[in-house]
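Starting from 1, each residue takes its place in the sequence as its number. We count ligands from 1, going down the list as the structure has it; atoms in each ligand are counted the same way. Note that the coordinates shown come from a computational prediction; the quantities given were computed from them, not determined experimentally.
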Amino acid sequence: MEDDDIFKTCPQHTISWLKGNITMYKYLGFWNIKSFHEGTILAQKCFKAEPSDVLVSSCPKTGTTWLKALAFAIVTRDKFDESTTPLLTTMPHDCIPLLEHDLKKVEDNHKNSGFPLVATHLPYSSLPESLVASDCKIVYIYRNVKDVIVSHYRFLQEATKLSVDDAPFEAAFDDFCQGISWCGPYWDHILGYWKASHERPGRILFLKYEDMKRDPRNNVKRLAEFIGYPFSIEEEKAGVVENIIKLCSFENMSNLEVNKSGTHRPEEEDIAIENRLYFRKAKDGDWENYFTEEMKEKIDKLIDEKLSGTGLVLK
Ligand code: PAP
């Protein structure tokens with residue numbers, strides 16, 4: 001089937017709370033806009049994983065930008081320090097190519113630079129076969145579902161230049177609970193990686209956003225070790241771990257000029273996003289400013305149903 005025919009037949013949802021500004025398509029069980037689904041199909045057809053690839057994966061709004069900055073700083077620390085790193089002038093999303101959008105860049109990295117990091121928002125079940133079959137390491141970040149719902153809502157509301165009053169949160173919440181969110185259903189996205197991590201132990205590192213905030217030092221060390229770039233004793237003594245944490249902190253990143261005034265993918269009108277929208281509040285528990293008691297009960301019950309017996313905690 002031609003790609004266009006695929007999208008004529010799969011479920012569509014035009015987001016009412018965004019005044020119809022975005023239409024999502026459900027393809028292979030997950031929601032996304034058409035261009036990213038097309039990029040997924042291309043990656044599935046063409047991508048050939050290299051053993052050294054490290055996949056940085058997440059459902060949107062779970063801490064991707066932070067994880068990318070940390071992984072980039074860890075992998076490139078022999079070349080750059082805090083005063084020379086590209087992170088000072090390039091937003092983290094532009095430092096690591098996205099498999100379902102920047103395939104050519106990923107392939108160029110394979111050929112020319114040996115840079116190992118590849119980012120994705122793809123669910124595990126949509127990853128290219130060569131990646132699933134490989135022994136590449138995968139790092140997966142996840143976050144409390146209620147803060148993800150608010151972060152997702154505020155991001156799309158601002159990206160479509162609507163006011164909060166014009167974009168009712170209640171409708172955004174209802175869509176999310178029905179699984180209709182960027183790369184959603186959120187719980188299915190996490191469960192795909194979670195199950196795969198049990199089938200292939202040692203292959204996927206799960207990082208929880210809230211744990212990373214509580215204990216960045218240990219989590220950054222775990223991350224570095226897992227992806228094959230462990231800190232030496234000398235580096236630890238010299239404060240390299242702390243320097244990376246400070247460099248990638250929300251306080252530092254959100255105050256860099258590039259992240260205050262730059263634009264991500266400025267040449268692509270439909271998905272160009274101001275960098276500042278990726279750095280909103282970074283507060284745990286912001287959901288309390290948006291949720292009614294009824295919403296809290298509804299999402300807690302839903303998550304209990306979806307995740308019962310898995311050992312994952314998203315509440
Ligand atoms: P994306 O999927 O669109 O890239 P992602 O980076 O996963 O988004 O999530 C954005 C959240 O991470 C925002 O949370 P908030 O809406 O609750 O504020 C953003 O503020 C937060 N964030 C961005 N950078 C950092 C950072 N360096 N440290 C901690 N949190 C961060």
Partner of Tyr290 by ring pair (Phe, Tyr, Trp, His ring centres under 6.0 Å), out of Phe176, Phe169, Phe173 | Phe169
Taking the six-membered ring where the residue is Trp, are the ring centres of Phe206 and Trp194 under 6.0 Å apart?
-> yes
With a 4.0 angstrom cut-off on heavy atoms, strictly below it, pick out the residues next to ligand 1 and order them by chain and number.
-> Pro60, Lys61, Thr62, Gly63, Thr64, Thr65, Trp66, His93, His121, Arg143, Ser151, Tyr209, Cys248, Ser249, Phe250, Tyr278, Phe279, Arg280, Lys281, Ala282
For the pair Phe7 and His37, name the ring-plane relationship: parallel under 30°, tilted 30 to 60°, perpendicular over 60°.
-> parallel
Rounded to the nearest 0.5 angstrom, the CD1-CE distance for Ile33 and Met24 is 7.5 Å
Determine whether the side chains of Asp53 and His110 contain a donor N or O and an acceptor N or O closer than 3.5 Å.
-> yes
Would you tabulate the side-chain donor-acceptor contacts of residues 184-191 under 3.5 Å, counting partners in other chains and residues two or more places apart, or write 'none'?
unit_1 : atom_1 : unit_2 : atom_2 : d
Tyr186 : OH     : Arg143 : N      : 3.0
Tyr186 : OH     : Arg143 : O      : 2.5
His189 : ND1    : Tyr140 : OH     : 2.7
His189 : NE2    : His121 : O      : 2.7

